[in-house]
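None of these values were measured; they are calculated from a predicted model.
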Amino acid sequence: MAESIELTKVRKNLETWLTAFNAKDIETLFSLYDPESIYANADAPLMQGVDQIRPWYEQVLSNTQSTLLYKEETAFQEGNMALLIGTYYFKPPSEMEESGPTGRVALLYRRDTNGIWRLLFDMDNTPPDVTPEDFS
């Protein structure tokens with residue numbers, strides 16, 4: 001039962017993250033990160049720490065008009081660590097536009113000393129088995 005409650009909190013972090021990302025709210029977005037976060041994006045060098053990750057997201061947010069969607073595939077929680085694995089899709093603003101990028105993401109969260117779950121590690125890739133149709 002406790003695992004379910006904690007995974008609900010982790011999922012709430014991700015839900016808030018997606019809302020902030022899609023609203024281009026950088027302050028809320030980075031309030032959800034662990035200070036020691038690591039980001040391993042399929043199209044960028046490894047970034048370590050919020051000071052390296054934040055400028056990358058500021059640039060991404062200023063250049064995207066798509067809505068980021070997420071579908072969970074599996075989740076695990078053990079102690080102060082939790083892992084969400086799912087697929088994502090950058091849905092373009094209009095159905096008339098080309099489909100946006102898709103991929104799979106692994107998100108590792110760490111519970112801090114105050115019991116708050118924060119994003120610690122984010123790794124994505126672009127496998128051939130994730131398509132925009134998965135989000136229809």
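Centroid-to-centroid, the aromatic rings of Phe121 and Tyr109 stay 6.0 Å apart or farther.
Cation-pi geometry between Lys71 and Phe135 is met: the NZ or CZ atom falls under 6.0 Å from the ring centre, inside 45° of the normal.
Arg111 and Gly79 make their closest contact through NH2-O, 2.9 Å (heavy atoms, listed as atom of the first residue, atom of the second, distance). The two residues Thr28 and Ser31 come nearest to each other via the heavy atoms O-OG, 2.6 Å. Between Glu72 and Leu84, the closest heavy-atom pair is OE1-CD2, 3.6 Å. Taking each heavy atom of Ala20 and Leu29 in turn, the nearest pair found is CB-N, 3.7 Å. The two residues Phe21 and Leu61 make their nearest non-hydrogen contact at O-CD2, 3.4 Å. Residues Leu108 and Met81 come closest through the heavy atom pair CD2-CE, 3.6 Å.
Criterion: ILVMFWY side-chain heavy atoms under 4.5 Å apart, direct or through other members. Under it, Ile116 and Val50 are not part of a common hydrophobic cluster. Linking Ile, Leu, Val, Met, Phe, Trp and Tyr residues whenever their side-chain heavy atoms come within less than 4.5 Å places Leu120 and Ile38 in a single cluster.
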Applying side chain to side chain contact (heavy atoms under 4.5 Å, CB included), run through Arg11 and Glu6 and close with a yes or a no. CA-CA 9 Å; Arg11 289 179 179 116; Glu6 293 306 315; over 6 Å; no

Does the pair Leu32 and Trp117 meet the rule for a side chain to side chain contact (heavy atoms under 4.5 Å, CB included), with working shown? CA-CA 8 Å; Leu32 304 167; Trp117 290 96; over 6 Å; no

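Checking side-chain atoms of Asp124 against main-chain N and O of Ala42 turns up a donor-acceptor pair under 3.5 Å. Side-chain atoms of Thr102 never come within 3.5 Å of backbone atoms of Tyr88 as a donor-acceptor pair (strictly under, hydrogens ignored). Counting only distance, with no hydrogens or angles, the side chain of Thr64 and the backbone of Val60 share no donor-acceptor pair below 3.5 Å. With hydrogens and angles ignored, the 3.5 Å screen pairs no side-chain donor or acceptor of Ser37 with any backbone N or O of Tyr33. The closest donor-acceptor contact from the side chain of Asn22 to the backbone of Leu68 lies under 3.5 Å.
A salt bridge is defined here as a Lys NZ or Arg NE, NH1 or NH2 lying under 4.0 Å from an Asp or Glu carboxylate O, and Arg54 with Glu58 meets this definition.
Here OG1 of Thr87 is found 9.5 Å from CG of Leu69. Values are rounded to the nearest 0.5 Å.
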